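Beneath this line is the structure, given in structure tokens, with notes to follow.
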Protein chains: 2
Amino acid sequence: MAAHEPATLDSVAARAGVSRQTVSNVLRHPARVAEGTRERVLAAIRESGYRASLPARQLATRRAHAIAVRAERQQDGISGLVLDAFYHGLAEAGQDNGLRVVLYAQPADEAAELEIIDDLVQTGAADAVVLTATSADDQRPAYLAGSGTTFCAFGRPWGHDDEPHDWVDVDGALGTGLAVQHLLGLGRRSIAYLGWPGDGAEPSTGSDRRRGWLEAIDEAGLGTPVEIHSLNDAAAAEAAVSTLLAGADAPDAIVCASDTLALGAHRAAVAAAGGGTPTTVVGFDATPVAAALGLVSVAQPIDQAAHLCIDLLTARFESPDRPARGVLVPPVLHLPA
Amino acid sequence: MAAHEPATLDSVAARAGVSRQTVSNVLRHPARVAEGTRERVLAAIRESGYRASLPARQLATRRAHAIAVRAERQQDGISGLVLDAFYHGLAEAGQDNGLRVVLYAQPADEAAELEIIDDLVQTGAADAVVLTATSADDQRPAYLAGSGTTFCAFGRPWGHDDEPHDWVDVDGALGTGLAVQHLLGLGRRSIAYLGWPGDGAEPSTGSDRRRGWLEAIDEAGLGTPVEIHSLNDAAAAEAAVSTLLAGADAPDAIVCASDTLALGAHRAAVAAAGGGTPTTVVGFDATPVAAALGLVSVAQPIDQAAHLCIDLLTARFESPDRPARGVLVPPVLHLPA
DNA sequence: CTCAAATGTTTGAGCGCTCAAACCGTAACG
DNA sequence: CGTTACGGTTTGAGCGCTCAAACATTTGAG
């Protein structure tokens, strides 16, 4: 049963009574081969348990048929993008497209990371990279674009519209908009926003989420809304929200830019309520923490985003010079079980 | 600056005025090359920006210099092994040992997974596999051992001591023991255990954690301890613990087999306390959820475990027939910030 | 002064595949 | 009936590396 000498293109060819190249054609360009021959070859392949050698193929085609993605260094934060799902999505979509996913460990700084990426690409270990957690002051996209490395970012090129590249991102504004809709449906009328510092200025993930909240409030014709800001830290958020809730213009609901902020806000709300019903808090990211606290949270369709990244990359492999494309995916509201 | 035709062994050799093989030796077996030659070659390598082609190397050595690991399908559970950290650890340790990490998507069932693994190994995409989340009724270790595939499991071969293999696991008994020590230090004297169904019988992760609790209790000379069981579900755990706390033998602390159980237990404790100080709950896994709730939890040293997996694999690559080895790593108690 | 053993370096072959070009029948056309 | 065209197939070369063996050169012993 076990073929000891692993089958090669040549051994299969001999068995089927054809040439090496014909076997290859059966696998890669079936149309080129006559029906009868094809079947004979397929039978030989099946009988011998032939598996094409990836390295040989890579060497001949000069393509790795693999993409690289960073394995995030342990971030002890409560929320933040949980990448497990993203990795699974990439691997799954990759499998469907003949791409393997290779992981590289996040190094200390961006320079070191760019070195690793170069290495991966130049040694032929990967054809392209998927960038995660991109931010406005990220050096990586510009560098990769400059060095001609194929890549797709999960995250928009905030404020870098000059040097465009392929990207996929979640529509944060839509997410906070959904949160507001939900709260309006619940009868809330004074819906505050808890965002990150610097939210209002430069384009960023934070400003995007804030905008969604603001637009939804405006659209509903509610008065001037309250907004506060805090570093992405539960304790800091708790303090900020405590102050807010103790004040005169205490809202009856708070939309947060992250689940970490939401956790702090929720704690403050519970404390302020003193046994009563706390102010409703909506989070962002739908992490297990939000679920554990019973909070509504905006969920990013990570799996879909991963599939789209692969789609963009395969499309680019086919036409390397096509214009850069960006895709925005809609989030959904996660209600606790 | 940019070398257009990527440098090869031959181009570097020509530049240094030596043969192809000498350049290869400088890289792989520096001792074989005379000092002067070596330096000349290294200079040529540096100047030309040479990077060894991985596929070519793989083809010639018949080694992929890569290991495969499963990308877990989205598990919506609150706790459970957070693999992000494991992936990072593997990638990091792999980089130090010249091993890349390739991801494969968890398929619908074990049979499909074994097929994927076979494929990865037979096509030369990976030399070995790291198995995660192994359980007692897992088919994978036996199959892989049978098919001669090199692998290392993160998880002990519970009840399968007959077919031994390399593994790394966290000492669960030690973990729950630490939890008990901690509670004793806090002055608790009636420390219950909330475990999974079937804890007591067959060897398993659950029975191991339970044993640690029990032994620590016995050692402290406390009376017959209370233990209850629940499926790994927060709602179910909450119900079970509510009943327990309402009864006559309500404990003053509860050690849980997971953070999911701990979440349920904590909810029940808060409810039962009615505003007072709730019964102390200790979790297992130190997930963000436990941190968010302010619970003490047993943390698995995931990063260390990943490094050990790589160590075991590299050792096995060197001596394929050495006896199987298992390593137990000690967890640590995580106190909330 | 000769021969064998180190030491350092090169040569030849081959890993298993794909590309491009060459080849070979047979059908279609003038 | 010769010529062109074309589907189907094979041949030759090469991708960039490592292995083993062959080859120089130096060195130390007899």
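Model, not experiment: these values are computed from the prediction. Protein chains get the first letters and strands the later ones, always in sequence-line order, with residue 1 at the start of each.
With rounding to whole Å, B:Arg28 atom CZ is found 12 Å from D:dG16 atom C1'. Regarding B:Gln58, its CD atom lies at a distance of 14 Å from the P atom of C:dC17, rounded to whole Å. If you take CZ of B:Arg32 and P of C:dT7, they are 13 Å apart, rounded to a whole angstrom. Going from atom CD of B:Glu5 over to atom C1' of D:dG16 covers 13 Å, rounded to whole Å. Here the C1' atom of nucleotide D:dC17 and the CG atom of B:Asp10 are 9 Å apart, to the nearest Å. Put simply, CZ on B:Arg63 is 15 Å from C1' on D:dC19, counting in whole angstrom units. Atoms CD (A:Glu35) and P (D:dG7) sit 17 Å apart, rounded to a whole Å. In this structure, NE2 of A:His29 is placed 8 Å from P of C:dT18, rounded to the nearest angstrom.
No side-chain donor-acceptor contact under 3.5 Å links B:Asp10 and B:Thr8. Donor-acceptor pairing under 3.5 Å is recorded for the side chains of B:Asp118 and B:Tyr143.
Each of B:Asp169, B:Leu131, B:Leu83 was evaluated against B:Phe154; a single residue qualifies, B:Asp169, per the side-chain contact (heavy atoms from CB on, under 4.5 Å) test.
Geometrically, B:Arg63 engages B:Phe317 in a cation-pi contact, judged by NZ or CZ lying under 6.0 Å from the ring centre and within 45° of the ring axis.
Nearest heavy atom pair, residue A:Arg40 against residue A:Gly17, reads NH1-O, 4.3 Å. For A:Ala125 against A:Val102, the heavy-atom pair with the smallest separation is O-CG1, 4.1 Å.
Considering only side-chain atoms of B:Ala52, the nucleotide from C:dC17, D:dT9, D:dC17 that sits closest is D:dC17. Distance from the side chain of A:Val18 is smallest for D:dT10 among the nucleotides D:dT10, D:dC17, C:dT18.
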Can you check nucleotides 11-15 of chain D for protein contacts, nitrogen or oxygen pairs under 3.5 Å, and list what you find?
{"residue": "D:dG12", "atom": "O6", "partner": "A:Arg20", "partner atom": "NH1", "Å": "3.1"}
{"residue": "D:dA13", "atom": "N6", "partner": "A:Arg20", "partner atom": "NH1", "Å": "3.2"}
{"residue": "D:dC15", "atom": "O3'", "partner": "A:Arg62", "partner atom": "NH2", "Å": "3.2"}

Check nucleotides 25-27 of chain C for protein N or O atoms closer than 3.5 Å to its own N or O atoms and list the pairs.
none

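Other residues, nucleotides and ligands contribute only 12 or fewer heavy atoms inside 6.0 Å of the CD atom of A:Glu115.
Annotation: of the two residues near DNA chain C, B:Ala31 and A:Arg57, the 5′-most nearest-nucleotide partner is B:Ala31.
No salt bridge links A:Arg316 with A:Glu318; every basic N to acidic carboxylate O contact stays at or beyond 4.0 Å.
Phosphate proximity of D:dC17 to B:Ser53: absent, as no side-chain N or O sits under 4.0 Å from OP1 or OP2.
Scored by the ring-ring contact (aromatic ring centres under 6.0 Å, His included) test, A:Tyr87 finds B:Tyr87 as partners (sequence neighbours excluded).
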